[in-house]
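Everything on this sheet refers to the single structure shown next.
Chain naming here is simple, since letters A, B, ... match the order of the sequence lines and numbering starts at 1 in each. Please read all numbers here as calculations on a predicted model, not as lab measurements.
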There are 2 protein chains.
Amino acid sequence: MRISTKGGYGIRAMYELAMAYGQGPVPLKTVAERQSISEHYLEQLMGMLRRAGLVRGIRGARGGYELTSAPEAIRVGDVLRALEGPISPISCVDHDGFSECVRLEQCPTRGLWKRLRDSMTAVLDSTTLADLCREAQEDNL
Amino acid sequence: MRISTKGGYGIRAMYELAMAYGQGPVPLKTVAERQSISEHYLEQLMGMLRRAGLVRGIRGARGGYELTSAPEAIRVGDVLRALEGPISPISCVDHDGFSECVRLEQCPTRGLWKRLRDSMTAVLDSTTLADLCREAQEDNL
DNA sequence: GTAATTCCTAGTGAAACACTCGGGATTAAT
DNA sequence: ATTAATCCCGAGTGTTTCACTAGGAATTAC
């Protein structure tokens, strides 16, 4: 029941971009250093986030990455879905369809997995990047 | 954010044993057939469940497996922990200690992972095998 | 033009997953 | 006593994913 480092790195990187929101793009190198993440690996993750429409890459000198919308509008769940696929403990209760389960409606565990999925989604979709920034500020007082 | 098939198979196998609780041991072969799980693979999972103290194996002809306690007393979370380790999205918020995170208290995401862990645990530890049996009965009416 | 940056493709070692295989130990029924 | 059913154990295997690394092309500020 683990997220991969992709998810963890991704959230931390997005937190950095959220902290700098409105102040121009942040270069990958800076994000990687601040969060101790391999630069090249993070590059790949940023690619996924860009293709998912969550960040914008600005090329050339003085370039970098920035959020495409305000930290208040980006949910942790969005970031995780872009990097790790559907938030769901098992494919047969994925929201985006294609369950492929033969058992389907007569499965004794389906209800359980749905409840689990919903409780995970509730947490992840009710927390935004802005919330993370606020919490960090509160902690470091 | 997926459980592996270990977890899924394990819960379904335990459900079968719960349905037969008090009626003598169920042979592995029967469980495997009823739930369409590879017999040899399930054998390995039952080994883990046995070592975790959740089931008892009875050897010889007319042998099989049975729960060591009543279905009401076995939580889905117990089964999952035996097969997949701690229920926690990331190791630094594992309940059983050893976090090894340098960032530790000044991490902007720790609070998030704790909330996620707690909401997962709440679902998984409030559902017992008896609940699964009851739900299955309700559905198949 | 040069330096800083994103962007893209490909490769790689380690680990886990989901099995398969073969055989040994134990027990109930005959 | 034999046989058949069953659990128990260890080893091996193909596939996938992870978490990187490497190298270079394209773009842009100065």
Side-chain angles (χ1 to χ4, degrees), chain A residues 1-13 16-17 20 24-68 80 82-86 89-91, chain B residues 1-13 16-17 20 24-68 80 82-86 89-91:
Chain A
M1 264 330 234
R2 291 279 161 94
I3 57 164
S4 64
T5 60
K6 276 187 197 171
Y9 286 173
I11 301 287
R12 275 158 55 201
E16 287 295 331
L17 297 190
V26 185
L28 184 74
K29 196 177 177 184
T30 308
V31 177
E33 270 169 12
R34 282 217 259 263
Q35 291 292 331
S36 338
I37 303 173
S38 150
E39 209 175 323
H40 261 81
Y41 190 41
L42 183 57
E43 197 175 21
Q44 292 175 30
L45 307 188
M46 293 311 284
M48 298 193 218
L49 293 171
R50 181 173 43 79
R51 286 187 286 276
L54 296 173
V55 303
R56 182 180 11 256
I58 293 157
R59 291 177 155 209
R62 295 293 179 96
Y65 289 94
E66 61 188 16
L67 301 182
T68 51
L80 249 40
L83 295 169
E84 313 215 338
I90 199 163
S91 67
Chain B
M1 264 328 234
R2 291 279 161 94
I3 57 162
S4 64
T5 60
K6 275 187 198 174
Y9 287 174
I11 302 287
R12 273 157 57 201
E16 287 295 332
L17 297 189
V26 185
L28 183 75
K29 197 178 177 184
T30 307
V31 177
E33 270 168 12
R34 282 215 259 261
Q35 291 291 333
S36 338
I37 303 173
S38 148
E39 209 175 319
H40 260 82
Y41 190 42
L42 183 55
E43 199 174 18
Q44 291 174 33
L45 307 188
M46 293 310 284
M48 298 193 218
L49 294 172
R50 181 171 43 79
R51 285 187 287 276
L54 297 173
V55 302
R56 182 179 12 253
I58 293 157
R59 294 177 152 209
R62 296 295 179 92
Y65 289 95
E66 60 188 15
L67 301 182
T68 51
L80 249 40
L83 295 170
E84 312 215 339
I90 198 164
S91 67

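- Only A:S4, A:T5, A:K6, A:Y9, listed by number, bring a heavy atom of residues 2-10 of chain A to less than 4.0 angstrom from any atom of DNA chain D.
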Criterion side chain to side chain contact (heavy atoms under 4.5 Å, CB included) on B:L67 and B:L54, from CA distance to verdict: CA-CA 6 Å; B:L67 301 182; B:L54 297 173; over 6 Å; no

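- If you take CD of B:E66 and C1' of D:dT6, they are 14 Å apart, rounded to a whole angstrom.
- For the pair B:I11 and B:L80, the minimum side-chain heavy-atom distance is below 4.5 Å.
- Partners of B:E16 according to the salt bridge (Lys or Arg N to Asp or Glu O under 4.0 Å) rule, which considers only residues two or more places apart in sequence or in another chain, are B:R34.
- The minimum heavy-atom distance linking A:S91 with B:R2 is given by the pair CB-NH1, 3.6 Å.
- B:K29 places its NZ atom 14 Å from the C1' atom of D:dC7, with the value rounded to the nearest Å.
- Between the CD atom of B:E39 and the C1' atom of D:dC8 there is a distance of 13 Å, rounded to whole Å.
- First and last contacts of DNA chain C with chain A, using any nucleotide atom under 4.0 Å from a protein heavy atom and ordered 5' to 3', fall at C:dA4 to C:dA10.
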Going 5' to 3' through nucleotides 24-30 of chain D, assign each nucleotide B (protein heavy atom under 4.0 Å from a base atom), S (under 4.0 Å only from sugar-phosphate atoms) or - (no protein heavy atom that close). --BBBSS

B:V31 and B:I37: CA distance, side-chain angles, deciding distance, side chain to side chain contact (heavy atoms under 4.5 Å, CB included) verdict: CA-CA 8 Å; B:V31 177; B:I37 303 173; 5.6 Å; no

Atom pairs, N/O to N/O, protein against nucleotides 14-16 of chain D, distance under 3.5 Å?
none

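- Using a 4.0 Å heavy-atom criterion, one finds that B:G47 contacts no nucleic acid atom at all.
- For B:R56, the salt bridge (Lys or Arg N to Asp or Glu O under 4.0 Å) test picks out B:E66, with sequence neighbours left out.
- Proximity of A:V26 to A:Y65: side-chain heavy atoms (C-beta onward) are nowhere separated by under 4.5 Å.
- For A:R50, there are no salt bridge (Lys or Arg N to Asp or Glu O under 4.0 Å) partners two or more places apart in sequence or in a different chain.
- Side-chain contact check for A:M1 versus B:P86: every heavy-atom pair is 4.5 Å or farther apart.
- Taking A:E33 as the reference, A:K29 meet the side-chain contact (heavy atoms from CB on, under 4.5 Å) condition, with sequence neighbours excluded.
- For A:Q44, the side-chain contact (heavy atoms from CB on, under 4.5 Å) criterion is met by A:Y41, not counting sequence neighbours.
- Two residues, B:P27 and B:Q44, neighbour DNA chain D, and the one matched to the more 5' nucleotide by heavy-atom proximity is B:P27.
- Across the protein-nucleic acid pair, B:Y41 atom OH and D:dT13 atom P stand 18 Å apart, rounded to whole Å.
- For the pair A:E43/A:H40, a side-chain contact is recorded, criterion being any heavy-atom separation below 4.5 Å from C-beta on.
- Listed by chain and residue number, B:I3, B:S4, B:K6 satisfy the side-chain contact (heavy atoms from CB on, under 4.5 Å) test with B:E84 (two or more places apart in sequence, or in another chain).
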